[in-house]
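Chain letters run A, B, ... following the sequence lines, proteins first and then strands; every chain starts at 1.
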2 protein chains.
Amino acid sequence: MNITNLTSNLKNVVNNESTSMTQFSWLHRGIVEIFPQPTDADSESLEKRLQTTNRPLRIKLGIDPTGSDIHLGHSIPVRKLRGFQDAGHTAVLIIGDFTARIGDPTGKSEVRRQLTEAEVAQNAQTYLDQVRPILDFDTPGRLEVRYNSEWLSGLDLGKVVELLSTMTVGQMLAKEGFAERYKKENPIFLHEFLYPLMQGYDSVAVEADVELGGTDQKFNLAVGRDLQRHFGQKPQFGLLLPILIGTDGVQKMSKSLGNYIGLSEHPAQKYQKLQGVPDNQLEQYFELLTDLPLDKLPENPRDRQTLLAWEVVRQYHGEQAANEAKEAAKTGGKEGALPEFSLAGVSQFPAKLAYILGASGLCKSTGEGRRKIQEGGVRLDGDRITDVDTTFQQPSELQGRVLQVGKNKFVRLVP
Amino acid sequence: MNITNLTSNLKNVVNNESTSMTQFSWLHRGIVEIFPQPTDADSESLEKRLQTTNRPLRIKLGIDPTGSDIHLGHSIPVRKLRGFQDAGHTAVLIIGDFTARIGDPTGKSEVRRQLTEAEVAQNAQTYLDQVRPILDFDTPGRLEVRYNSEWLSGLDLGKVVELLSTMTVGQMLAKEGFAERYKKENPIFLHEFLYPLMQGYDSVAVEADVELGGTDQKFNLAVGRDLQRHFGQKPQFGLLLPILIGTDGVQKMSKSLGNYIGLSEHPAQKYQKLQGVPDNQLEQYFELLTDLPLDKLPENPRDRQTLLAWEVVRQYHGEQAANEAKEAAKTGGKEGALPEFSLAGVSQFPAKLAYILGASGLCKSTGEGRRKIQEGGVRLDGDRITDVDTTFQQPSELQGRVLQVGKNKFVRLVP
């Protein structure tokens, strides 16, 4: 199959995808579980609620704004949210700013650093920018973005006591994570018990009909159900989604493991990384990251990889960028499509990042480079750099890496 | 020893008590423990803080306003508080109105019924009326009465998270009471973990130097220390007091066990009950309920009982009432000193309590009887009756009991 034919096929597949679906095939695609399932006692199913409710359902997805850059693994529930939007329902994105503002009061968790209001706002904005290609931001009534400080910051002690009173210590200690830590006598601080209840109370506050989450979120989604029942609401359905395996084909996609594809990466970078996804992961990637019908994928693994890379890049950057990335990968090999900057142009090392930004032409000057870093607009291999004094000792620390300012300015650093 | 000599001796003893004490004998009398004790690491003792602090210390006692009538057992920490007042310090009585207003949100505890603001206010007032003879209410700067809703009702979720973060699940489950329940798999609701922290936060709010409590309060007093340290305060000392054995000489004094002597009981009732305290409890009663020097008590058990009864009645009702109660007990036997009302004067049974109040002359009419019940001013054997429809089926339910309106009107109901 040559490239022209493949591209043409892709377009047909993309255009015809909806015709090959039954009414709820979008709902069931790539999910692990919907709970609760209908029982004799309660025969309602999510499908039934979707069909019989005389208003758009409210579909909750909680966002942790302690990080900012997200990857394809994070996109999975967001893509499912889009499915609900397209079926006429309301996506309710909840930015967990309240918890992020508190941080971890014990100071023991580096992950839960206390963030300022400005940091939270910036992270939330970066998140929204990154999911903009996935979600429907424009159709009225299809998207609500809520900050949970709206209802949590005003919660008084009486209400907190009420929340806590809905669960026993035994129930909480049965939660995955707590159980092992308690058994191993690793300290569990009391406030950790409050977090699932705060997340659950978010469901009450937004009157969620459905909450999306990874398989590790089942307990928290169930707490949301309990609290809704406690406060006289119809409990939400939980929809659990799988965890994406990273580009190494082995471990969960994660920034710290380096096996990720960031949503803010350059199309050519995305394309290149996607072409490297191992054969045995291709089907999962198609299922979770595209809407393409799985029974019509090319037989040839090489063609599959190309199709996957093209289709994912298309989603985030459009058809033209996908074609360019494909061309670049074909003609220029791995390094194509990105302008290059030779580190020989850096007069001396150690060198400050702000200076390199000016020297490379990404910024007009070292001063602008500093400002861009301070504003959070600078990334190295997709990781945001916020320390204006970031300094590199020698060129080898930077060779082959991609330096980025804002959404559209990239250079690959070469010797 | 005849009565005149005894009374005269009593007066001498009472007047001379202070001369027989060393500087801190009042502090150590009848206590179980002061903690922490000075160690190599921290050599401060409570005595040292008392001597070296250049201001009155703040001595905290927490009051649960869910009940109203209190007995001699409850008087023990209040008497100790008076000791601190007399040494120039400030008694800080904390009315736990916040918790009482919340009640038990699970609805499972009958003890923790949710009280209205008016009920809490009435209970607090009744409490203060009853301890008025013990505490110094008049010297400026010696008494502060605080309601903990002052600081707890405004506590936001961020602060609650901070409070919870100071303790681990393991530490909380080690607490007496929780440990057994957890082991037996009896449910412990999460909000129960918050109560010791709320009580501890009271110490922070009032900047307590010392907290008084029964031996069962050691954990809670220690939580107060931890929280004060967390919030940058010098931690309080805990002063633990014993639990009073009831008039049966066996079990802890308790209303439900019927082995109590209520502070609002008639002097003659108190006197009679105190005369019945078993010999083996007399020393503890003298130590905890009087300031009399223990090495100068009469040898004869009968004289000791008389002395105890006279001295306790004197504390609450004055010398004249104590003498009258003693005379009545001598001449009229057990039933003396109280006016009697014959239940033959009740025209028919079943009879409403409001009617009996009018018939007995305690109230002017059935209507006033109803009002007095509604106002919380009516007691039967010291127990407040608040249901205006309280009805008795036959005279035997009332015979021998003492009916009371306000502080000073009593009748004993006789056949």
Heavy-atom pair of closest approach, residues B/His191 and A/Val161: CB-O, 3.4 Å

Nearest 0.5 angstrom please: A/Phe189 CZ to B/Met172 CE, how far? 12.5 Å

Residues of residues 146-154 of chain B within contact distance of chain A, non-hydrogen under 4.5 Å: B/Leu152, B/Ser153

For A/Glu117, look at atom CD and say whether over 12 heavy atoms of other residues, nucleotides or ligands are found less than 6.0 Å away. no

Is chain B contacted by the side chain of A/Phe98, its backbone, both, or neither, given a heavy-atom distance below 4.5 Å? side chain

Mutual orientation of the aromatic rings belonging to B/Tyr182 and A/Tyr182 [parallel < 30°, tilted 30-60°, perpendicular > 60°]: perpendicular

Could you tell me whether B/Lys255 atom NZ has more than 12 heavy atoms of other residues or ligands within 6.0 Å of it? yes

Pick from B/Leu197, B/Leu163, B/Leu194 with the largest number of heavy-atom pairs that fall under 4.5 Å of chain A: B/Leu194

Above 12 or not: heavy atoms from other molecules or residues under 6.0 Å from CD of A/Glu180? yes

Side-chain contact test, heavy atoms from C-beta onward, threshold under 4.5 Å: evaluate it for B/Leu190 versus A/Val169 and give yes or no. yes

How long is the span from the OG1 atom in A/Thr99 to the CG atom in B/Leu157, to the nearest 0.5 Å? 8.5 Å

